[in-house]
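Down below is the structure, laid out as structure tokens.
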Amino acid sequence: MKLFKLPKTLKMGSATSAVQIEGNIKNSNWLRWSEFHYIFDGSTCKETADHYNRVQEDIELLKTLGHECYRMSIEWSRIEPEEGKFDSEAFRHYREEVEALVNNGIQPMITLHHFSDPIWFEDIGSWQYSKNQKYFIRFAEKMIHLLGDLVTYWVTFNEPNVYFQGTCIDGTFPPGEVGIQNYFKGSLTMIECHAKLYELIHDYYEDHLDKKPMVGVAHHLAYFTLDKKPHWWETIAIKFLDRYFHEFYLEAMTRGHLVMPFWIKGLKKGSYADFIGLNYYARHLVKATPHLETFYTSIDALKGGFYNDLGWEIYPEGLYYFGKKLFETYKLPILITENGTPDAKDEFRSQYIIDHLYQISRLLDEGIPVTHYFHWSLLDNFEWADGLTPRFGLVEVDYATKERHIRPSAYLYRDIIKNRKIENYEYDAVQ
Ligand code: BGC
């Protein structure tokens with residue numbers, strides 16, 4: 001392979017989320033959680049990259065780097081720091097940020113929920129109670145009124161599977177109330193809430209705006225694989241994982257179909273997504289034991305692979321595999337809502353970007369409508385339970401001074417966005 005090209009119709013940019021970069025979010029459950037020392041490296045999300053005070057500077061970066069689209073989240077706990085009390089300054093701030101993106105020709109994509117909940121919401125049981133949905137819907141409605149004229153693309157929820165895995169299975173996300181029942185109870189609330197928001201956003205656009213919205217979920221898909229000679233229970237485990245971690249959310253949040261034996265009052269089969277958001281990072285080896293409590297270990301080394309700073313195996317073909325599978329299943333446009341790697345020394349990020357874009361070019365060549373690629377992430381950020389140590393940014397952040405330094409891979413990505421082609425490309429398929 002000597003050359004691959006990417007069409008102009010593929011919009012390319014980057015993604016972030018509020019808690020991970022903004023700093024000084026006083027009323028998020030993640031600040032409380034991180035200050036209780038539940039983060040592996042002992043850091044907190046108190047300051048992070050201080051993006052909230054540096055929006056202009058960061059938009060300049062997006063421009064310098066030629067980004068055409070930008071995915072960001074609105075922090076609910078800023079908008080509604082106490083139940084029923086709304087902060088007009090936060091409304092103004094987000095309105096101005098999104099306006100600035102649009103005025104600079106950068107298409108915004110807005111995420112309404114990216115792992116963080118207001119403390120007051122957590123304290124009333126958050127997603128564990130179906131009746132609590134009304135609070136999130138009230139917030140979301142306000143954001144749609146605030147930003148609808150500027151925004152077409154909405155992500156209602158980021159990675160429900162990772163959110164509930166963290167909060168209810170691993171206990172690495174707040175409030176850490178572990179339990180399989182909590183996992184499904186919370187998930188069902190979120191699923192129902194997504195379906196309502198899908199309809200609400202469409203109704204609002206139909207009644208008030210002269211355009212159609214594109215609404216969906218950013219789904220995390222992990223490429224699970226088995227050892228060469230798996231135990232029989234591992235072949236069952238991988239199917240089970242795929243079903244409860246992937247299909248359960250995809251089916252319910254795309255077409256109102258519950259693949260697990262559940263029933264949600266009011267959730268009708270139907271169409272609840274205008275696109276499939278695909279967040280893809282790595283391949284994970286499923287090692288199971290016949291004991292339920294040690295069911296699987298996800299990042300055991302698959303011999304001979306290539307691993308990023310967090311020990312995740314880099315496996316670009318996984319992006320092609322999921323893009324194809326999701327399109328064949330749902331016949332909806334595919335948006336790569338996240339893809340990236342922690343690489344503090346910026347040694348392999350460039351190759352990572354090229355290899356994953358190559359997989360997108362394969363999908364496009366087969367006529368699969370991949371419309372956006374959001375690299376994760378614009379800036380170094382707070383990587384949830386892993387803290388500030390992993391460096392996912394195209395742009396390095398010095399956390400002491402908050403200075404930004406553009407990494408070489410960001411320039412490479414800029415050139416690809418501009419030129420749409422990679423020459424002399426050699427790709428060794430990973431086995
Ligand atoms: C999340 C991001 C996170 C990234 C890297 C995704 O699971 O949406 O918030 O930083 O992956 O782990």
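Just follow the structure's listing: the first ligand is 1, and inside any ligand the first atom is 1. Values below: all heavy atoms of this structure, side chains included; hydrogens, waters and symmetry mates excluded. Model, not experiment: these values are computed from the prediction.
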Top protein contact for atom 7 (O) of ligand 1, by heavy-atom distance: Glu159 OE1, 2.5 Å
Numbered atoms and elements of ligand 1 in range of Trp384, under 4.0 angstrom, heavy atoms: 2 (C), 3 (C), 9 (O), 10 (O)
Audit row: Asp117, Tyr135, side chain to side chain donor-acceptor pair (under 3.5 Å) steps and yes/no: CA-CA 11 Å; Asp117 295 306; Tyr135 300 111; over 6 Å; no
Side-chain H-bond candidate by donor/acceptor type, His51 with Asn381, under 3.5 Å: no
Any donor-acceptor N/O pair, Asp41 side chain to Leu388 backbone, under 3.5 Å: yes
Exercise: do Asn161 and Gln165 side chains pair donor with acceptor under 3.5 Å: no
Within 6.0 Å of CD in Glu89, more than 12 heavy atoms from elsewhere: yes
Heavy-atom proximity to atom 8 (O) of ligand 1, best of Gln20, Glu338, Glu383: Glu338
Asn158 and ligand 1 - part of the residue with a heavy-atom distance under 4.0 Å: side chain
Distance filter under 4.0 Å to His114 heavy atoms, resulting ligand 1 atoms: 1 (C), 2 (C), 8 (O), 9 (O)
Tyr129 six-ring centre to Lys185 NZ/CZ under 6.0 Å and within 45° of normal: yes
Atom indices of ligand 1 within 4.0 angstrom of Trp312 heavy atoms, with elements: 12 (O)
Shortest protein contact, atom 4 (C) of ligand 1 (heavy atom only): Tyr281 OH, 3.2 Å
Min heavy-atom dist Tyr163 to ligand 1 below 4.0 Å: no
